[in-house]
Amino acid sequence: MKILQILRRKLSSSQIRSTATPSLSSPFFYRQLYSSSNPASFGVAFDIDGVLLRGSNPIGGSPRALKRFYDASGTLKVPYVFLTNGGGVPESKRAKELGSLLDVNILPLQVIQGHSPFKQLMRRFENELVVAVGKGEPAEVMSEYGFKNVLSIDEYASYFDNIDPLAQYKKWTDKQDGNQSSKSKHKALSNDPCSQRVAAVFVASDSVDWSRDIQVLCDILRTGGLPGKEIAHQPPLFFANDDLAYQASFPSERLGMGAFRIAVESVFNAIHPAALKYTSYGKPNPSVFKNAETVLMHVLQSCHNNHQVDGRKQIFKTLYMIGDNPSVDIKGARQAGSPWFSILTRTGVFKGKENHDDFPADLVVDTVEEAVDYIFSKECIS
């Protein structure tokens, strides 16, 4: 009501009498209010697992909460992004999946995954052989980023006889091997991976087969990228995140990529004269939050057809991070500093009655819907 009263005072009497001016209570007026005349001065970043979804099931009233970011016509009125350490599929595919599960229209631009920063390394390794590790479609992810010579660890390992001494006992891999696309197989064959040096390894998502992947990664990293050869300088190793645990469908947390990294590092350091060198991305790295701010500005500009908002002049007064993991989401927002405001939900990793002791959030709520209620009330948006 305060917004409407201010606008009424600013409108001239001739404007109010004009038949071309929409009613202040009409849906068209609100589309104009949020989509052109008054760009939002805040943005929101949502974690996914444990905040919006548990497995593939929406939680905490997430579909209702997200619908509030759109006007009656389905136009986005407040910019938001998904800021997750998860991944394994291209951002375009993840956007479609999330849109279907949460019943809203989501742009690929709005999806920031743990491996999204890998695209910044494309120029460095564009034509070099790289190996992508993890569930889902890690090689397709890297290919979409522009890497021209990439193999999944499944494909790579399949060309080395007996590289996995336990392969004969893994009957579940037979179906997985049969599902590989003919395109991927042809690409792998044309690159002759057995004789080509691996220039880098990218762990894009959670490893499916820890025993094989640790073995093959140690083979690659100890020999300079040529398994079976002599000890040589370690190729670069990149992890999409360093999450020790995350909330999935099971009641208690599951081990994440950070646990896999610890396992790889422990084994490698025990069998190699030099300590493992690696780079980890993802939350709570402050650079991830800085990038999210940039993406949120792009989302805001896309809401206004790229001509209503000047990214050089528009500054977000507040950016809200809604997460369930104090050591990842809240710690990251706190380290990023102003204008980030952290909100911790109790639907995932965190289930405490009070705030977290080590990484206290600016606000603790039960659900994501309660978090959105708070934000929209604070920002005076209905």
Side-chain angles (χ1 to χ4, degrees), residues 87-88 113-165 184 187-242 257-282 285 287:
Q113 303 188 98
H115 49 63
S116 295
F118 287 173
K119 66 183 70 173
Q120 301 168 6
L121 298 168
M122 185 272 291
R123 297 288 184 187
R124 179 178 171 187
F125 300 105
E126 182 176 5
N127 297 302
E128 304 289 338
L129 174 62
V130 300
V131 172
V133 181
K135 66 181 181 182
E137 304 162 354
E140 183 178 342
V141 167
M142 302 301 288
S143 294
E144 287 208 2
Y145 291 163
F147 293 81
K148 294 185 170 67
N149 192 9
V150 54
L151 295 176
S152 72
I153 197 166
D154 295 335
E155 297 166 332
Y156 185 77
S158 70
Y159 291 98
F160 291 85
D161 292 336
N162 304 314
I163 196 169
D164 179 8
S184 295
K187 181 178 180 180
L189 284 169
S190 65
N191 282 309
D192 187 17
C194 294
S195 60
Q196 189 175 1
R197 187 182 299 275
V198 176
V201 175
F202 294 85
V203 184
S205 53
D206 292 325
S207 167
V208 175
D209 186 348
W210 279 37
S211 68
R212 183 207 59 189
D213 291 356
I214 292 174
Q215 178 69 73
V216 175
L217 288 182
C218 285
D219 287 333
I220 293 172
L221 299 172
R222 296 184 71 220
T223 61
L226 292 171
K229 306 299 182 181
E230 296 180 356
I231 301 299
H233 183 70
Q234 179 204 316
L237 172 63
F238 303 96
F239 291 91
N241 70 72
D242 205 34
M257 191 180 297
F260 177 70
R261 189 268 304 163
I262 291 172
V264 173
E265 186 175 18
S266 298
V267 174
F268 184 89
N269 290 349
I271 63 175
H272 193 68
L276 181 71
K277 296 180 180 180
Y278 63 90
T279 302
S280 291
Y281 292 88
N285 193 317
S287 65

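By convention here, the first residue in the shown sequence is residue 1.
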Task: Considering all heavy atoms, the nearest Ser143-Val150 contact - done: OG-CG1, 3.2 Å

Task: Euclidean distance, Thr279 OG1 relative to Phe118 CZ, rounded to 0.5 Å - done: 9.5 Å

Task: Exercise: identify the closest heavy-atom pair between Pro138 and Ala204 - done: CB-CB, 4.1 Å

TODO: Measure from the side-chain N and O atoms of Asp206 to the backbone N and O of Lys135, and report whether any donor-acceptor pair falls under 3.5 Å.
DONE: no

Task: Where Tyr281 and Gly114 come nearest, the two heavy atoms and their spacing - done: CB-O, 4.2 Å

- [ ] Please check if any side-chain donor atom of Ser152 sits under 3.5 Å from a side-chain acceptor atom of Asp154, or the reverse.
- [x] no

Open item on the list: Could you measure the distance from the CG atom of Asp164 to the OG atom of Ser158? Nearest 0.5 Å is fine.
Closed with: 11.5 Å

Open item on the list: Here's a test for you: under side chain to side chain contact (heavy atoms under 4.5 Å, CB included), which of Val201, Val133, Ile220 qualifies with Ile153?
Closed with: Val133

Open item on the list: Could you report the tightest heavy-atom contact between Val208 and Asp213, atom names first, then the distance?
Closed with: N-OD2, 4.1 Å

Open item on the list: Quick check on His233: does its NE2 atom have over 12 non-hydrogen neighbours (other residues, nucleotides or ligands) under 6.0 Å away?
Closed with: no

TODO: Hey, could you give me the OH/CG distance between Tyr159 and Asp192, rounded to the nearest 0.5 Å?
DONE: 10.0 Å

TODO: Quick one: pull up CD in Glu128 and CD in Glu126 and give me the separation to the nearest 0.5 Å.
DONE: 10.0 Å

Task: Chi angles and distances behind the side chain to side chain contact (heavy atoms under 4.5 Å, CB included) call for Leu237, Phe268 - done: CA-CA 12 Å; Leu237 172 63; Phe268 184 89; over 6 Å; no

Task: Separation of His272 NE2 from Glu265 CD (nearest 0.5 Å) - done: 13.0 Å

- [ ] Quick one: list whatever passes side chain to side chain donor-acceptor pair (under 3.5 Å) with Ser211, sequence neighbours left out.
- [x] Lys170, Asp209

Open item on the list: Would you compute the distance between atom CG of Asp242 and atom CD1 of Ile262 and round it to the nearest 0.5 angstrom?
Closed with: 7.0 Å

- [ ] Please report the closest heavy-atom contact between Pro235 and Gly224, naming both atoms and the distance.
- [x] CG-C, 3.7 Å

- [ ] Please confirm whether the backbone N or O of Val203 pairs with a side-chain atom of His115, one donor and one acceptor, at under 3.5 Å?
- [x] no

Task: Aromatic contact, Phe202 with Phe147 (centres under 6.0 Å) - done: yes

Open item on the list: Any heavy-atom pair between the side chains of Leu129 and Val198 that's under 4.5 Å?
Closed with: yes

- [ ] For the pair Arg261 (side chain) and Ser280 (backbone), establish whether a donor and an acceptor sit closer than 3.5 Å, ignoring hydrogens and angles.
- [x] no

Task: Shortest non-hydrogen separation from Ala263 to Ile214 and the atoms involved - done: CB-CD1, 3.8 Å

TODO: Keeping the roles fixed (side chain from Ser116, backbone from Gln113), state whether a donor-acceptor pair exists under 3.5 Å.
DONE: yes

